[in-house]
Each structure stands twice: as structure tokens, then as C-alpha cells.
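Step one of this worksheet: look at the structure below.
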Amino acid sequence: MPELPEVESVRRGLEPYVVGRSFAAVEVHHPRANRGQEAPLSALLVGRKIAAVARRGKFMWLEFADEDHSDPARDVLFIHLGMSGQVRIGEVDSPHVRIAAVLDDATRLSFVDQRTFGYWRLGPWLTMAHIAPDPLETDFDLTAAGRRLRAKRTAVKVALLDQTVLSGVGNIYADEALWAAQISPLKKASALRQRDAVAVISAAGDVMREALTVGGTSFDALYVNVNGESGYFDRSLHAYGRGGQPCDRCGEEIVKTVLGGRGTHYCPSCQRRGEGRLPAAN
DNA sequence: ACCGCGGCCTGGCGGC
DNA sequence: TGCCGCCAGGCCGCGG
């Protein structure tokens with residue numbers, strides 16, 4: 001479940017089941033699920049006590065009780081959901097169960113991942129040092145993120161997806177943030193005024209916070225929380241997936257195009273902020 | 001140093 | 001019905 005609100009929904013769901021528990025058994029059913037790991041995951045994890053479930057952007061990780069949490073070199077268990085990963089409580093009847101784990105209180109965790117872009121990997125926390133803060137962090141610096149965005153010479157849509165600028169934003173929330181801030185996805189990030197860069201990042205935070213309150217966005221059973229339930233933010237989408245439909249703000253037709261290889265949806269009429277002519281407000 | 005593109009996978013859908 | 005190409009919410013590494 002790809003973007004920040006979906007990952008955070010999983011993190012919150014996982015927390016009460018795993019904190020204070022230890023791994024009793026871990027079985028890897030698909031080699032890609034722990035690629036990059038030499039030793040078997042079970043040898044690395046069994047007996048280790050989980051102290052916390054943390055997240056930055058779309059990266060989630062388990063902190064262990066026997067590690068120094070202020071040490072950037074400490075080992076953590078990264079759980080990345082990739083494009084189609086799920087972490088479920090209990091056993092799951094699916095051909096895509098890639099990892100099955102049991103905790104010391106007999107709680108079962110199933111890592112289900114159709115496309116195998118996700119993984120569990122024990123490694124040093126600093127492996128993800130390049131991931132920028134996400135807009136839901138309490139000390140997130142909007143001004144600095146705005147400057148990083150404007151340092152990019154790509155289209156602003158592409159820059160929003162760059163996890164070293166800010167993290168957590170994926171293809172859905174990038175389109176939604178640009179729609180909310182009334183900025184064209186095609187506009188060069190470096191051509192944005194600072195206040196518009198800040199506005200679109202701020203909008204990304206707002207949209208993701210709102211999505212989180214309804215459990216994230218899911219169009220199908222691929223994107224579910226730890227109990228297999230779908231979120232329903234798809235009902236609140238204004239741009240993503242709405243190509244050919246009328247803009248909720250101005251009625252013009254939403255256009256679908258491709259930017260940076262990703263489907264991109266926007267209103268060509270009212271997403272023109274910072275282009276010299278203000279959109280007609282309805 | 002940066003940016004753009006291709007690759008990694010599976011499965012569902014629309015078109016022929 | 002069947003096959004084929006295209007598309008999908010992410011990320012990394014390569015080459016220019």
C-alpha cells in the first residue's frame with residue numbers, strides 16, 4: 001500500500017500487536033522478499049524483541065529493544081510495501097504470501113505482495129538516510145522543503161515524487177496536492193515562487209492527513225490495512241484517475257497525460273497558479 | 001551533479 | 001474465447 005497514508009495506516013495497525021513482542025519464527029516463501037540479505041531472515045530475527053514501529057515517508061521499520069535508538073548505524077527491520085505489499089495480522093489465504101512470521105504470543109504476521117517490489121530487510125538505519133522528512137513529521141520544515149523543491153529543474157509533479165525532496169508523496173497524492181494548490185504539474189519546479197512551492201507541499205500534507213483519517217486510498221483489495229480492510233479516500237479524489245471527467249472546481253475536463261513515465265491528471269483550466277494569470281475562482 | 005529512462009514483477013483490463 | 005499490449009499506488013541504478 002504505497003503512499004504515506006496507507007503505510008501509516010499499516011504502522012498504526014501493527015503497533016499494538018508487535019510492540020513488546022519477540023519473533024518466534026520467520027519463514028520466507030519468496031527469495032525477492034528479503035533480497036539483499038545474505039543470512040536467512042529467521043536467523044537474524046528470532047528471539048529479538050520489538051520496541052517500536054516507526055515510519056518516514058513510505059519507509060516503515062521495526063526498532064529492536066537491544067539497539068541504541070539514537071545510533072544511526074543501529075540495525076532495524078525495514079518493511080517496505082513497494083507497489084502491492086500488505087502486512088496482515090493472522091494467516092492469509094493467498095498465493096502471494098511472501099513471508100510468514102510468528103511472535104512469542106502466537107500472533108501471526110503475513111507479508112503479502114503480489115508484485116514482489118516490497119521487502120523485509122534487516123540493516124542499518126542509515127541505509128535510508130537519503131530519505132527526506134515527510135510532511136506529517138512534527139518538525140517538518142516547509143520552508144526548507146520548498147527550497148529543495150525549487151532546486152529541481154524537472155516538472156514540479158516529478159519533483160514531488162522525489163523522496164529526497166520530501167517523502168511520502170506518491171503518484172496519487174502528488175496529483176491531488178497540485179490540484180488543491182492549483183498548480184500545473186507541468187510547471188518547472190525551479191520556476192515556482194517560494195510561496196507556491198510551500199503551498200503545494202503544504203497541500204500534500206493536508207491531503208495525506210485527510211486521507212489518513214479515512215484509512216487511505218484503495219481502489220481494490222490490493223490495498224488494505226492489517227485487518228484486510230480498505231480505506232475510502234478514493235471517494236474524495238479530485239484529480240487522480242479522473243481523466244475525462246469534469247473538474248470539481250471549475251467544470252473543465254480533467255486531462256490525463258504522462259510525466260516522468262507516470263500517469264498525471266490535472267485541470268488545464270484552473271491549475272495555473274504562478275503562470276501570470278490567476279484562475280477564475282468559482 | 002543532475003536527470004530521464006529502463007528494469008524489476010504479477011495480474012487485470014480493453015481491444016482486436 | 002484467446003492472445004497481446006498496456007497499465008498499475010515504488011524505487012534504484014545506469015548512462016548521457
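The figures here come from the full heavy-atom set of this structure, side chains too, leaving out hydrogens, waters and symmetry mates.
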For this session: Tell me whether the OP1 or OP2 atom of dG9(C) has a side-chain N or O from Lys58(A) closer than 4.0 Å.
Result: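 No, because none of the side-chain N or O atoms of Lys58(A) sits under 4.0 Å from OP1 or OP2 of dG9(C).
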Problem set entry | Presence of Lys152(A) side-chain N/O under 4.0 Å of dC3(B) phosphate oxygens OP1/OP2 |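 Answer yes for this pair, as a side-chain N or O of Lys152(A) is under 4.0 Å from OP1 or OP2.
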Problem set entry | Distance, P atom - from dC3(C) to dC9(B), rounded to whole angstrom |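 These two P atoms come out 24 Å apart once rounded.
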Exercise. Can you tell me how far P in dC6(C) sits from the matching atom in dG6(B), rounded to whole Å?
Worked result: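 13 Å, rounded to whole Å.
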Exercise. Step by step, would you call Arg48(A) with Asp66(A) a side chain to side chain contact (heavy atoms under 4.5 Å, CB included)?
Worked result: CA-CA 8 Å; Arg48(A) 301 199 72 180; Asp66(A) 59 357; 2.8 Å; yes
Find the distance [X]:[atom1] to [N]:[atom2] and express it as a whole number of Å.
| X | N | atom1 | atom2 | result |
| --- | --- | --- | --- | --- |
| Leu160(A) | dG9(C) | CG | P | 15 Å |
| Met128(A) | dC11(C) | CE | P | 11 Å |
| Phe78(A) | dC12(C) | CZ | P | 11 Å |
| Lys157(A) | dG10(C) | NZ | P | 9 Å |
| Leu81(A) | dC11(C) | CG | C1' | 13 Å |
| Asp162(A) | dC3(B) | CG | C1' | 10 Å |
| Arg56(A) | dC11(C) | CZ | C1' | 17 Å |
| Ile79(A) | dG10(C) | CD1 | P | 18 Å |

Problem set entry | Ring-face cation contact, Tyr119(A) with Arg121(A), 6.0 Å cut, 45° max |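 Ring-cation test returns yes.
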For this session: For Asp220(A), report the nucleic acid contact type (base, sugar-phosphate, nothing); a contact means any heavy atom under 4.0 Å.
Result: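 Base: the residue Asp220(A), judged by heavy atoms under 4.0 Å, touches a nucleobase.
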Exercise. What does Tyr119(A) touch in the nucleic acid at a heavy-atom separation under 4.0 angstrom: a base, only the sugar-phosphate, or nothing?
Worked result: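 Nothing, no heavy atom under 4.0 Å.
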Problem set entry | Residues that, via side-chain heavy atoms closer than 4.5 angstrom, fall in one hydrophobic cluster with Trp179(A) |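 Members alongside Trp179(A): Ile254(A).
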Exercise. Linking Ile, Leu, Val, Met, Phe, Trp and Tyr by side-chain heavy atoms under 4.5 Å, what else ends up with Leu259(A)?
Worked result: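 Cluster partners of Leu259(A): Leu186(A), Val255(A), Tyr266(A).
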With 3.5 Å as the limit, what N/O pairs link the protein to nucleotides 4-7 of chain B?
none

Exercise. Which dot-bracket string fits DNA chain C when only Watson-Crick or G-U wobble pairs with both atom distances under 3.5 Å count, crossing pairs get [ ], and | stands for a partner on a different strand?
Worked result: .|||||||.|||||||
When you compare the protein's N or O atoms with those of nucleotides 9-12 of chain B, which come within less than 3.5 Å of each other, and at what distance?
{"from": "dC9(B)", "atom 1": "OP1", "to": "Arg32(A)", "atom 2": "NH1", "distance (Å)": "3.4"}
{"from": "dC9(B)", "atom 1": "O2", "to": "Arg115(A)", "atom 2": "NE", "distance (Å)": "2.9"}
{"from": "dC9(B)", "atom 1": "N3", "to": "Arg115(A)", "atom 2": "NH2", "distance (Å)": "3.3"}
{"from": "dT10(B)", "atom 1": "O2", "to": "Gln114(A)", "atom 2": "OE1", "distance (Å)": "3.4"}
{"from": "dG11(B)", "atom 1": "OP1", "to": "His96(A)", "atom 2": "NE2", "distance (Å)": "2.8"}
{"from": "dG11(B)", "atom 1": "O4'", "to": "Gln114(A)", "atom 2": "OE1", "distance (Å)": "3.4"}

Exercise. What are the two closest heavy atoms between Asp134(A) and Gly57(A), and how far apart are they?
Worked result: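 Nearest heavy atoms, Asp134(A) then Gly57(A): OD2-N, 2.8 Å.
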Problem set entry | Derivation of the side chain to side chain contact (heavy atoms under 4.5 Å, CB included) call for Thr116(A) and Arg98(A) | CA-CA 8 Å; Thr116(A) 70; Arg98(A) 309 306 189 189; 3.5 Å; yes
Problem set entry | Within residues 167-174 of chain A: residues closer than 4.0 Å to DNA chain C (heavy atoms) |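 Those residues are Gly170(A), Asn171(A), Ile172(A).
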